Amino acid sequence: MSLLEQLNKVQQEAVKQTEGPSMIIAGAGSGKTRVLTYKIAYLIEKGVDPFQIMALTFTNKAAREMKARIETIVGSTEARNVWMGTFHSIFARILRMEAEKLGFPSNFTIYDTDDSKSIIKKILKEQQLDVKLYKPNQVLSRISSAKNNLISHINYNNNPELTQTDKESGKGKIGLIYTIYQERLRKASAMDFDDLLFNTNVLLRDFPDVLIKYQRRFRYFLVDEYQDTNYSQYLIVKRLAAQTENLTVVGDDAQSIYAFRGANIQNILNMNKDYPDLKTFKLEQNYRSTQNIVGVANAIIKNNKKQINKTIWTENDKGDKLRLISTLSDNEEGIRVARTIFAIKNEEHVKDSDFAVLYRTNAQSRAIEEGLRKMNIPYKIYGGTSFYGRKEIKDLLAYFRLVVNTDDDEALLRVINYPKRGIGNTTIEKLRVEANKLNISLWKLIESIESSKIVPKSTAVRIMEFVNMILSFKIDLKTKNAYELADHITKNSGIYRHLTNSKTEDEGVMRFENMEELLAGIKEFSEMESDEEGASSIRTLDEFMLDIALFTDADDKNKDISDSVTLMTIHASKGLEFPYVFIVGLEENLFPSLLSLNSRTELEEERRLFYVALTRGEKKVFLSYSESRYKWGKLQFSEPSRFLNELDPKFIDDQTSDMLLSSETNMNIKGPKKKLESSSSVKIINKPKAKSKEIPLPIKAKNLKKMDEIKSQNQISSNDQSNSIMVGMEVFHDRFGRGKVLTIEGEGQNRKASVFFNNSGTKILILRFAKLRILKQ
DNA sequence: GTATTATCTAAGTCT
DNA sequence: TAGATAATAC
């Protein structure tokens, strides 16, 4: 079978081991995804019904990619029937089908972290607890880890160990908060992320018939990134697979980086205890990276004590040594990264999308972004405030949520007075107190607000208008398609008018466009054919809302298409690969994080994180650190990361800037080291001074000053002809030779031309750097 | 009830 | 620095 021929020996054996429990320990870049997809394809070709296969991945993106790959092997009709997705999305789907058994409606809302946090804050207020002591994030993570270990609020309060710990830290009320929190979720017909897994366990534990149903339905289970599963996920898999034990888990203990979220590495280490006849396969050959990269990564991970013994090796080229970039400030770090990318692009003729910049924290993206913008290099950021995290998007989605599930208190509170309709804080507070007293959702209270005497009559009228509006939307839920209804809601709720009015300023324009983008997305969804069996012919808004809370930025399909540099956290980069990788911010207290230095386990997780980052690289890896960095608006000095000391010098090229620049750009950025150092050190010292000078200036003058700064920094070479180049001219480029200008874009610094060169095809050039000579006007 | 201003405090990673 | 919340004026 040709399928197997594309795999190495161990990979083949892993694929052919279809029956019974098996574990694949897959080193970084060893073709893990390949094995997983081929195994699924192999099962299907062997005659297994795709409906009987469940494949669990870590991200939606991974699921989508895997599905696409399987499609190319077995065809789309077969591939589409495999149940493939994240734990959260797959089990949300099952929970919706079985919801009433647990006392939930099938259209329950999934609360995201913001919703959860806002509930916690309200509870703290009601209970008059100190927000500084009970930090919402901490409370939430305590609750979350309880849930991930399947400790219900009842068990929590009955667990002396847990309650004792809370008391000792002065937070004895966490158990109570947990209880109230769960009540609120229940009242709102909502589940948070952890509940999706927790309640799946409850379902499979308390309803044997349901368990049997799914055990019969699914005969083959495959779990990707098994090292990052938590107890809750582990138990779901164990329960479902108990019947056939046709379970394949794939993972790499060296890449376990989600312990903070409850991931338990024991799940992988103890596999053979749960399954005595477990077959284990080790994939140790790396197909991704150069020998140098593999060598560095191996040396780094050796510093960790706990790990499964394995040796990653590669037949790939030796490759270049890893390069170290050292800068004086975070801004300079951004510029240096950008310049290096620019130089490599020119030198090696590679795409923007061949580059990734990886960092430990999202906050680091800004300096990098600035650098890239200055060099006109397109980039896309994954994570951070995602599209769905934007205020205007959340507001609009809140309307949709409320229409789907009127008990969704968080959604209601978001929109009851947005846009303003005269229902202010005092009223809302009254309603909340009353609803809590009656133990009902806000909607149930306001539905019959007229007959109660909670608020003055004029306010009650306004509330009724709101209620009727939502009800009028709800009528159309099953008759209109998602887009028609979404559009209708947007226009009739006042949101459309509100955003149109705010369009006068730059930020307003963006919000308006975001709204349009969301609607466009819903339109696309409405026109898509449903792949559910027996689904009705129209795709409705409640279908669209099903797992919208589970979508993240990384799932944005549009991002995959554009040719641009990728910026993301190392966590988000897991499973991905790029020819050129920059790992930035390698400084003590940043990477490893200050918060990880208390324990060996946490430090080892940071080191695994570094390992993951290194092993993303295919051809070249750059490591950068800065001697100072802005944190909380203040300049902080930093020392190089301890991880840099762990690097084996024989893999490292420690000549910083000069080596990085190609001859071509070198001409433009002549003597960069000296210039940069002096200019940036001046910048650091001057920063506070400049600031105090700036304060009295009116805003406009301040902006002008900033523009000047940017301009002067960007004045790398004053190329005289660059502005006189026009479409149609014949030009000469030092490297590409003779060419013809096809189009011109941008102004001044940003002026770009696409030029067709006789020898090397069409190139987009930034005129400021390209040094084109005009041959013929 | 709403708009504007002042003050506080937070940034660790994600479904 | 920036977003969230509290305080203040209208």
Side-chain angles (χ1 to χ4, degrees), chain A residues 56-63 85-92 110-114 116-118 121 125 131-132 135-138 140-141 144 147-148 191-198 225 228-230 232-233 256-263 330 358-367 382-386 388-389 391 417-429 455-456 458-459 462 547-555 568-574 585 589-597 602 605-606 608-610 612-613 629-636 687 691:
Chain A
L56 297 162
T57 60
F58 202 72
T59 61
N60 292 312
K61 190 173 191 240
T86 63
F87 273 89
H88 289 86
S89 67
I90 292 277
F91 295 113
I110 300 172
Y111 273 6
D112 66 18
T113 316
D114 283 346
S116 302
K117 211 188 289 178
S118 122
K121 280 184 188 162
K125 215 179 219 171
V131 190
K132 275 179 208 146
K135 294 199 172 132
N137 276 330
Q138 278 176 22
L140 212 48
S141 89
S144 167
K147 285 186 184 178
N148 287 330
M191 298 190 197
D192 67 14
F193 289 144
D194 304 315
D195 283 338
L196 294 174
L197 306 175
F198 186 98
E225 308 282 11
D228 286 323
T229 52
N230 59 37
S232 189
Q233 292 166 320
S256 157
I257 53 174
Y258 280 98
F260 72 91
R261 218 174 78 188
D330 46 359
L358 309 180
Y359 34 76
R360 178 67 239 273
T361 67
N362 279 305
Q364 287 165 259
S365 72
R366 179 184 303 176
Y382 290 89
T385 21
S386 76
Y388 292 107
K391 219 184 295 164
N417 199 30
Y418 176 82
K420 299 266 183 292
R421 41 176 81 87
I423 306 170
N425 280 335
T426 351
T427 307
I428 291 170
E429 275 311 300
V455 291
S458 58
T459 317
R462 287 197 284 268
D547 42 16
I548 200 86
L550 302 174
F551 282 164
T552 60
D553 213 26
D555 300 323
M568 54 168 61
T569 64
I570 301 166
H571 281 91
S573 76
K574 196 176 67 161
N589 301 341
L590 178 62
F591 192 16
S593 156
L594 175 67
L595 295 128
S596 73
L597 301 180
E602 281 189 85
E605 177 145 321
E606 294 285 306
R608 289 195 295 271
L609 195 55
F610 187 38
V612 168
R629 185 174 294 280
Y630 275 90
K631 271 181 199 166
W632 311 288
K634 279 198 189 119
L635 185 69
Q636 307 234 312
K687 197 97 184 181
K691 208 178 166 188

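Chain letters run A, B, ... following the sequence lines, proteins first and then strands; every chain starts at 1. Computed from a prediction, not measured in an experiment: that's the story for all the values here. Scope of the values below: all heavy atoms of this structure, side chains included, with no hydrogens, waters or symmetry mates.
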Side-chain N,O ([X]) to OP1/OP2 ([N]) below 4.0 Å:
X        : N      : result
A/Asn589 : B/dG12 : no
A/Asn362 : B/dA11 : no
A/Lys391 : C/dG3  : no
A/Asn425 : B/dT2  : no
A/Lys574 : B/dT13 : no
A/Thr427 : B/dG1  : yes
A/Thr569 : B/dC14 : yes

What nucleotide, of [options], holds the atom closest to the side chain of [X]?
X        : options                : result
A/Thr113 : B/dT15, B/dT13, B/dA11 : B/dT15
A/Leu595 : B/dA3, B/dG12, B/dG1   : B/dG12
A/Phe260 : B/dG1, B/dG12, B/dC14  : B/dC14
A/Arg360 : B/dT15, B/dT13, B/dT2  : B/dT13

- Anything under 30° is parallel, anything over 60° is perpendicular, the rest tilted; go ahead and classify A/Phe193 against A/His88.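 Aromatic pair A/Phe193/A/His88 classed perpendicular.
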
- Task: Give the ring-plane orientation class for A/Tyr388 versus A/Phe551, where under 30° counts as parallel, over 60° as perpendicular and anything between as tilted.
- Result: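 Correct class here is tilted.
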
Scan [X] against the nucleic acid and name what it touches under 4.0 Å (heavy atoms): base, sugar-phosphate only, or nothing.
X        : value
A/Lys631 : nothing
A/Lys132 : sugar-phosphate
A/Arg366 : sugar-phosphate
A/Tyr258 : sugar-phosphate
A/Asp112 : nothing
A/Glu225 : nothing

- Verify whether one side chain among A/Thr86 and A/Ser89 offers a donor that lies under 3.5 Å from an acceptor in the other.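 On atom types as modelled, these side chains qualify, holding a pair under 3.5 Å.
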
- Rounded distance [0.5 Å steps], CG in A/Leu358 versus CZ in A/Phe610: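 Interatomic distance, A/Leu358 CG to A/Phe610 CZ, rounded to 0.5 Å: 11.0 Å.
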
- Query: Is A/Gln364 side chain donor-acceptor paired with the B/dG12 base, going by distance under 3.5 Å alone?
  - Reply: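 No, no donor-acceptor pair under 3.5 Å.
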
- Message: Measure CG/A/Asn148 against P/B/dC14 and give the value in whole Å, please.
- Response: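 So the CG-P distance, A/Asn148 to B/dC14, works out to 16 Å.
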
- Item | Closest-nucleotide 5' rank along DNA chain B - winner of A/Ala549 and A/Arg462 |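 The 5'-side residue here is A/Arg462.
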
- For DNA chain B, whose closest nucleotide is more 5', that of A/Phe58 or that of A/Ala363?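 Result: A/Ala363.
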
- Candidates A/Asp192, A/Asp194, A/Asn230 - the one meeting side chain to side chain donor-acceptor pair (under 3.5 Å) with A/Ser144: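 Checked A/Asp192, A/Asp194, A/Asn230 against A/Ser144; only one passes side chain to side chain donor-acceptor pair (under 3.5 Å): A/Asp194.
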
- Would you indicate whether the side-chain heavy atoms of A/Tyr630 and A/Arg366 approach each other to under 4.5 Å?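 A side-chain contact under 4.5 Å is absent here.
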
